[in-house]
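The structure appears below as structure tokens.
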Amino acid sequence: MAFTPNQRVRLNLAGLMIEGVTFHAAVTDALGTVIRQTSEDPSVYAVELLFSFKGLKQIEVPESRIRPA
């Protein structure tokens, strides 16, 4: 499934470490907006989070962790 810029999505961030921030098991339904696709193989998207997590507002997330909102 391809996502498009400005599409609202839900993210499962449980267990990921991004820029030194570890997301715990409870972070399975974070809201965000797709900015752009940053990689095709594997498919990764830059996403702007609705809420900042420890200062992170924009992150890159594998497509397998994203679903439409």
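Positions are given from 1 along the sequence.
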Give a yes or no answer on whether the side chain of [X] reaches the backbone of [Y] with a donor-acceptor pair at less than 3.5 Å.
X	Y	value
Y45	F3	yes
T4	Q7	no
K57	E48	no

Within one Ile-Leu-Val-Met-Phe-Trp-Tyr cluster: [X] and [Y], side-chain cutoff 4.5 Å:
X	Y	answer
I59	V21	yes
L16	L56	yes
F53	V34	yes

Exercise: identify the closest heavy-atom pair between T28 and R67: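 Nearest pair, atom of T28 first, then R67: O-NH1, 3.9 Å.
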Non-hydrogen atoms of V27 and A30 that approach each other most closely: CG1-CB, 4.3 Å
Intermediate values then yes/no, side chain to side chain contact (heavy atoms under 4.5 Å, CB included), N12 and F23: CA-CA 9 Å; N12 178 353; F23 291 90; over 6 Å; no
Test log, rule side chain to side chain contact (heavy atoms under 4.5 Å, CB included), inputs V9 and V47: CA-CA 9 Å; V9 292; V47 177; 4.3 Å; yes
Gap between atom CD of Q58 and atom CD1 of I35 - 0.5 Å precision: 3.5 Å
Side chain to side chain contact (heavy atoms under 4.5 Å, CB included) between L50 and T33, intermediate numbers included: CA-CA 7 Å; L50 184 60; T33 304; over 6 Å; no
Trace of the side chain to side chain contact (heavy atoms under 4.5 Å, CB included) decision for R65 with L11: CA-CA 6 Å; R65 299 271 189 149; L11 309 166; 5.8 Å; no
Any side-chain heavy-atom pair of V61 and L13 under 4.5 Å: yes
Distance-only side-chain donor-acceptor flag, Q37 / S43, under 3.5 Å: yes
